[in-house]
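In each ligand, atom 1 is the first atom listed, and ligand 1 is the first ligand listed.
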Amino acid sequence: MNLYETFTARMRDRGDADFITTREGRRYRYSDARSATARLAGALIELGVAPGDRVAVQVEKSPEAILLYLACLRVGGIYLPLNTGYTADEIRYFLSDAEPALFVCRPTALDEAREVARETGCPAVETLGTDADGSLMDTAERATPHEAIEPREDDDLAAILYTSGTTGRSKGAMLTHRNLGSNAETLKEAWRFTAEDRLIHALPIFHTHGLFVGCNVTLMAGSSMLFLPRFDADVIFEEMPHGTVLMGVPTFYTRLVQDERLTPETTANMRLFVSGSAPLTAETHQAFQARTGHAILERYGMTETNMNLSNPYDGERRAGTVGMPLPGVEYRITDRETHESVPRGEIGMLEIRGPNVFIGYWRMPEKTREELLDDGFFVTGDLAMVDEKGYVHIVGRDKDLVISGGYNVYPKEVEQVIDELEGVVESAVIGVPHPDFGEGVTAVVVPEPDAELSERQVLGHLQDRLAKYKQPKRVFFADSLPRNTMGKVQKNELRKRYQDAYR
Ligand code: MLC
Ligand code: AMP
């Protein structure tokens, strides 16, 4: 069934209730959202989007961007959101790989977007601004509203989300209507979402966390969301008395606990704080609880799988753990080579199976086979162990990945760009403890003997090539990189060497 059809039932029930509001006084009731979505669906059809077509979207956060996502579902399109931090170089790859029928960009980026679209053969480019403006909105205004909902099978694609790969090439995770619908329904129940809830939404809406966890759960429950352009502690404190739930990456919580305004009184109206996308330290969990009486609910997910494990709503939320499998989700902790389960309490590879697990990487059958096993389990690349009470601990990663402020950065991708710079022999990119972002992207560069390379030059070279969050916070120089007997760079050694870089 088309996921939009499931949402429509909620929209009908909720009629005049708020769906999305903003601090600037913008307001979409559920009934407004339905009609705006029909107009946007009419525009998509007029622009040539047919069922199964990809719609690539790189726009700033706005209520209309969510309506566009819904309109895309409605016409049977495949929504492809892109981080606003991606550079033209990065976008070129996504468009050439996904071959969208339409690219929706920011009004200020139109010239660049047209150029990239021309190079990659994308037939249509429209704009969407943050004030219900842009050419897409103009087209929607004129278009005949499209009231029908395109029939879809459970396994038809609803979205493709790109996630960087260890080889440096991003992979498009193919998510179906069933994947998104089942997870939203499960989370609504598990976290007790109701029509009374008001989510303070401060995450970006181009990744799983802000888009699917935040918005799909809201839609499933018929709740409302306050849409904030970004995380800003001052605004969060102003809004908590009017909100009930906050979803954030650990950086949200480390910033909040440093703020003296965090008290039982300022959080009294809130019923739930959820954390995910990166590890929340036990210290932050405990400090938050001591200051507010609220135990943050930590959960674990991935682009490929939506949400898998969650601490309980009722019962102990154990600091430093990601809880237990959500209903319908299975996990096992295995030996990396054999995929046999390891004895309880031992560390192994975390594998996940369930209706939430994606169906593969877009046009990458081999990559898909490596990570999605024949028996349906997905190999996450995360190392885990289960404790005596059945709570799962994520203890490390078997993949070369840095998570900075909840954004994934694959070192390989950054290293490849650094290595192109003249005077560089080779480089290694690592994550080391960072007080704000959890891990700080850090580069270690080996220059040619007579090259005069500076940190500034290396960063300057990356400036227009990689999104800001992927750029190293520091660049160090070394005569050589430590290697094991197989010739592999020993990143553990480097992480130890630079562990105090941000302290
Ligand atoms: C911003 N900067 C970052 C950064 N965010 N650098 C590294 N890592 C980040 N995450 C840059 C800015 O460009 C700026 O550079 C400088 O760092 C300081 O910025 P800031 O003003 O302090 O950042 P802010 O806007 O407050 O953003 C920080 C943040 C944000 C943590 C609030 O990054 C954020 O909202 N992250 C959420 C990511 C997310 O949604 N992840 C979910 C993925 S889905 P300069 O030089 O210009 O000053 C997923 C699955 C799952 O993982 O399980 O959920
Ligand atoms: P992404 O590919 O952006 O979806 O990021 C998924 C990765 O984020 C997972 O594979 C984990 O490494 C990490 N992650 C998500 N939630 C948690 C969590 N609660 N604790 C530790 N790591 C997490």
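Ionic pairing of Glu388 and Arg318 is present here: one or more N-O contacts between side-chain nitrogen and carboxylate oxygen are shorter than 4.0 angstrom. A salt bridge between Glu455 and Arg474 is present, with a side-chain N of the basic residue lying under 4.0 Å from a carboxylate O of the acidic one. A salt bridge does not link Asp197 to Lys188: none of the charged nitrogens lies less than 4.0 Å from a carboxylate oxygen. One finds a salt bridge joining Glu90 and Lys470 here, because a Lys/Arg side-chain nitrogen approaches an Asp/Glu carboxylate oxygen to under 4.0 Å.
Ring planes of Tyr86 and Phe94: tilted class, angle from 30 to 60°. Ring planes of Tyr93 and Tyr162: perpendicular class, angle over 60° (limits at 30 and 60°).
Annotation: atom 45 (P) of ligand 1 to nearest protein heavy atom, Lys468 CE, 3.6 Å. What sits closest to atom 3 (O) of ligand 2 on the protein, heavy atoms only, is Asn408 ND2, 3.0 Å. Looking at atom 16 (N) of ligand 2, its nearest protein heavy atom turns out to be Ser277 N, 3.1 Å. Of the protein's heavy atoms, Ala278 N, 3.6 Å lies nearest to atom 17 (C) of ligand 2. Among all non-hydrogen protein atoms, the one lying nearest atom 10 (O) of ligand 2 is Asp382 OD2, 2.6 Å.
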(message) Show, in sequence, the C-alpha distance, side-chain angles and deciding distance for Tyr502 and Thr442, and conclude whether the side-chain hydrogen bond (donor to acceptor under 3.5 Å, both in side chains) test is met.
(response) CA-CA 10 Å; Tyr502 305 103; Thr442 306; 2.8 Å; yes
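Residue contact annotation: Arg299 has a non-hydrogen atom under 4.0 Å from ligand 2. Not a single heavy atom of Thr208 lies less than 4.0 angstrom from ligand 2.
Heavy-atom proximity to Arg397, at under 4.0 Å, picks out these atoms of ligand 2: 12 (O). Near Val322, meaning under 4.0 Å from one of its heavy atoms, ligand 2 places the atoms 18 (C), 19 (N), 20 (N). Heavy-atom contacts of Ile403 reach the following atoms of ligand 2: 8 (O), 12 (O), 13 (C) (cutoff under 4.0 Å). The Thr251 neighbourhood of ligand 1 comprises atoms 31 (C), with distances under 4.0 Å to a heavy atom of that residue. Contact atoms of ligand 2 toward Glu298: 18 (C), 19 (N), 20 (N) (distance under 4.0 Å to a heavy atom of the residue). Against a heavy-atom cut-off of under 4.0 Å, Met302 is close to the following atoms of ligand 2: 4 (O), 6 (C), 9 (C), 10 (O). Shown in contact with Gly301 at under 4.0 Å from a heavy atom are these atoms of ligand 1, numbered in order with element: 53 (O). Below 4.0 Å from some heavy atom of Thr303 lie the following atoms of ligand 2, by number and element: 1 (P), 2 (O), 3 (O), 4 (O).
If you check the side chains of Asn356 and Asn308, you find a donor sitting under 3.5 Å from an acceptor. Side chains of His339 and Glu351: a donor on one and an acceptor on the other come within 3.5 Å. With hydrogens and angles left out, the side-chain atoms of Asp387 and His393 include a donor and acceptor closer than 3.5 Å.
Inside a 4.0 Å radius of atom 51 (C) of ligand 1 there is at least one protein heavy atom. Within the 4.0 angstrom cut-off, atom 31 (C) of ligand 1 has one or more protein heavy-atom neighbours. In this structure, atom 21 (O) of ligand 1 is in close contact with the protein, since a protein heavy atom lies within 4.0 Å of it.
Asp398 contributes no side-chain N or O that, together with a main-chain N or O of Asp382, makes up a donor-acceptor pair within less than 3.5 Å.
Contacts of Lys399 with ligand 2, taken as heavy-atom pairs under 4.0 Å, involve the side chain alone. If you look at Arg255 next to ligand 1, the close heavy atoms, those under 4.0 Å, all belong to the side chain. Contacts of Pro279 with ligand 2, taken as heavy-atom pairs under 4.0 Å, involve both backbone and side chain. Residue contacts with ligand 1, taken as heavy atom pairs separated by less than 4.0 Å, involve Phe252 solely via side-chain atoms from C-beta onward.
For Tyr28 and Phe19, the ring centers are positioned 6.0 Å apart or more.
Cation-pi check for Arg271 over Phe193 is met; the charged atom lies under 6.0 angstrom from the ring centroid and within 45 degrees of its normal.
Residue Tyr79 forms a ring-ring contact (aromatic ring centres under 6.0 Å, His included) with just one option from Phe206, Tyr69, Phe212, and that option is Tyr69.
Atom 41 (N) of ligand 1 has its nearest heavy-atom neighbour, among Gly406, Gly248, Ala467, Gly214, in Gly406.
Of the polar atoms of Thr380, none of the N or O atoms is found under 3.5 Å from an N or O of ligand 2, judged by distance alone.
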